[in-house]
Amino acid sequence: MPDAGPALLKGLRVVEISSYVATPLCGLTLAQLGADVIRVEPLGGAADRTRWPLADSGTSLYWSGLNKGKRAVAIDLESEVDRKRVVDLIVHGGPCVVVSNTDRHPDLGYAELSARRPDVIHVLLEGRPGGGAAVDYTVQAGSGFPLITGSAETPAPVNHVLPAWDVAAGLYLAIGLLAAERHRQETGQGRAIRVALEDVALATAGNLGYLAEAQVTDHDRAKSGNDVYGTYGRDFLTSDGVRVMLVVLTERHWTKLLTATGLTAAFTALSESLGIDFSRESARYEHRDVISTLLARWFRSTTFDEAAAALDRHRILWQRYRTFEELGRGALRDLDLFDEIDQPGVGPHLAPKSPILVDGGRLAPLTAPSVGQHNDDLL
């Protein structure tokens, strides 16, 4: 049964003039917490309505996923008359927030909207600071991360298939929006919020210490495959061909891992003969090849079920590698996060609720709207 999670943002209107990932994700995050999110699109639908992956019918699973629970209107965005209808929607009625990834139309920008409604909040996504064009995959190229991603045997840069900067930017947009909403409730005044994809990527690289490392040390970061930088972690193959990822962060994790695998005596002897203190995180990273040789031998002689039982019994950090097909065709049904919806053009399938639990509950997922579905209601 769907959870009846509280709608914390009930009464907040969000007019979303956007496409692709970051701004629709911002709107989705708010809709899943009870906001009334109205998606504004060009006549015929936005360009991302046909983005892959697609259902057999040709309906975009991508678009349907990012626009669940929203209302939709379609207008001619090049028509001043049609844009005025959207402006009227924004400036009349209850408190309103605008989420956009374009500043092409000044009449839909903060300056002109706030002149008519001082409490309007306007949240804008940019590619680069100051308005330069960029998308996640071009921002990745300039972030430094693709050049340390992938196997050491592959010198070419490797972009991540997950649009991580889009995802992070969408959540930053939502955080900035809610901070401005709190300010509006206290003062009655709106705010203009801007987030640039490139800033999100570079700020993250800085916050994680990667940029500081380049500035104050002579360390040369290189690709290291699935080895976790600075600590111990890598993938292993069990005797029956199942690949798992293992991570050891603390001395307690290390001690428990040795107990789980029966390798305590072996590593004690290695520590004494080589003079390595494996209880130290940095030592485990520096001598990861030594550790991996013994652990790989244990995994190769152990079935997956046996390894899973031993690792779980000692609360080791690990997970089996799973495909999207495996998740989508069975594993999701056991998760409270997912509930079934019947999306037009897609059919019944399991879709996620919000990952945010509120008092133990979440709002049930709703279907995504068709092009201009709510024109008559809203315009």
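Atom set for the values below is all heavy atoms of this structure, side chains included, hydrogens, waters and symmetry mates excluded.
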What verdict does the ring-ring contact (aromatic ring centres under 6.0 Å, His included) test give for Tyr137 and Trp165, after you've listed the backbone C-alpha separation in whole Å, the side-chain angles of each residue and the deciding distance to 0.1 Å? CA-CA 9 Å; Tyr137 302 104; Trp165 307 128; over 10 Å; no
Inspect the surroundings of CG in Asp376 and state if more than 12 heavy atoms from other residues, nucleotides or ligands are less than 6.0 Å away. no
Under a 4.0 Å N-O cut-off, is there an ion pair linking Arg85 with Asp88? no
Sorted by chain and residue number, the salt bridge (Lys or Arg N to Asp or Glu O under 4.0 Å) partners of Arg13 (sequence neighbours excluded) come out as none
So does Arg313 get a backbone contact from the side chain of Lys256, meaning a donor-acceptor N/O pair under 3.5 Å? no
When every non-hydrogen atom of Met245 is compared with those of Val228, the smallest separation belongs to CE-CG2, 3.7 Å
Please report, to 0.1 Å, the donor-acceptor pairs under 3.5 Å made by any side chain of residues 120-135, with sequence neighbours excluded.
residue, atom, partner, partner atom, Å
His122, NE2, Leu108, O, 3.0
Glu126, OE2, Gly131, N, 3.1
Glu126, OE2, Arg194, NH1, 2.6

So, are Lys353 and Asp336 salt-bridged, with charged N and O less than 4.0 Å apart? yes
Give a yes-or-no answer on whether the side chains of Arg252 and Thr250 include a donor-acceptor pair shorter than 3.5 Å. no
Minimum-distance pair of heavy atoms, taken over all atoms of Glu41 and Leu77: C-CD1, 4.5 Å
Worked verdict on Leu295 versus Thr261 for side chain to side chain contact (heavy atoms under 4.5 Å, CB included): CA-CA 8 Å; Leu295 283 178; Thr261 57; 4.2 Å; yes
Counting only heavy atoms not in Tyr321 (residues, nucleotides, ligands), do more than 12 fall under 6.0 Å from its OH? yes
Is a side-chain donor or acceptor of Lys223 paired with a backbone partner of Ala156 at a separation under 3.5 angstrom? yes
Heavy-atom donor-acceptor pair, Arg234 side chain to Asn226 backbone, under 3.5 Å: no
So, the side chain of Arg362 versus the backbone of Ser354: is there a donor-acceptor pair under 3.5 Å, distance only? yes
Can a side-chain donor-acceptor contact be found between Arg288 and Tyr232 if the only test is distance below 3.5 angstrom? no
Does a sphere of radius 6.0 Å around CD in Glu251 hold more than 12 heavy atoms from other residues, nucleotides or ligands, not counting ones at 6.0 Å or beyond? no
Geometric class of the His287/Phe278 ring pair [parallel <30°, tilted 30-60°, perpendicular >60°]: perpendicular
Is Asp76 paired with Arg83 through a side-chain N to carboxylate O contact shorter than 4.0 Å? no
So, do Tyr20 and Trp63 have ring centers that fall under 6.0 Å from each other? no
Using only heavy-atom distances, determine whether the side chains of Thr204 and Tyr210 contain a donor-acceptor pair under 3.5 Å. no
Going hydrophobic residue to hydrophobic residue with side-chain gaps under 4.5 angstrom, can you get from Val97 over to Val86? no
If we ignore angles and hydrogens, is there a donor and acceptor under 3.5 Å between the side chains of Thr102 and Ser100? no
Is it true that Thr187 and Gln189 share a donor-acceptor pair across their side chains at a distance under 3.5 Å? no
How close do Ser114 and Ala111 get, counting heavy atoms only, and between which atoms? OG-O, 3.2 Å
Got a sec: does the CG of Asp342 have more than 12 other heavy atoms crowding it under 6.0 Å? yes
Quiz question: by atom type and distance under 3.5 Å, do the side chains of Thr367 and Gln343 form a donor-acceptor pair? no
Which value, rounded to the nearest 0.5 Å, describes the distance between Asp218 atom CG and Glu213 atom CD? 10.0 Å
Checking Thr303 against Glu306: is there a side-chain donor and acceptor pair closer than 3.5 Å? yes
Using the benzene-type ring in the case of Trp, are the ring centres of Trp298 and Phe236 under 6.0 Å apart? no
Restricting to non-hydrogen atoms, name the atom on Ser19 and the atom on Arg39 that form the minimum distance, rounded to 0.1 Å. CA-NH2, 3.4 Å
Work out which heavy atom in Glu181 is nearest to a heavy atom in Leu12; give both atom names and the distance. OE1-CD1, 3.9 Å
Minimal heavy-atom distance between Lys68 and Ala351, with the atoms involved, is CD-CB, 4.0 Å
Would the number of heavy atoms belonging to other residues, nucleotides or ligands and lying under 6.0 Å from CZ of Arg320 be above 12? yes
Would you say Glu325 has more than 12 foreign heavy atoms packed within less than 6.0 Å of its CD? yes
Is it the case that atom CZ in Arg315 sees more than 12 heavy atoms from other parts of the structure closer than 6.0 Å? no
Shared ILVMFWY cluster between Ile276 and Val248, side chains joined below 4.5 angstrom? yes
Tell me whether Lys84 is salt-bridged to Asp107, with the criterion being a basic N under 4.0 Å from an acidic carboxylate O. no
More than 12 heavy atoms from other groups under 6.0 Å of CZ on Phe145: yes
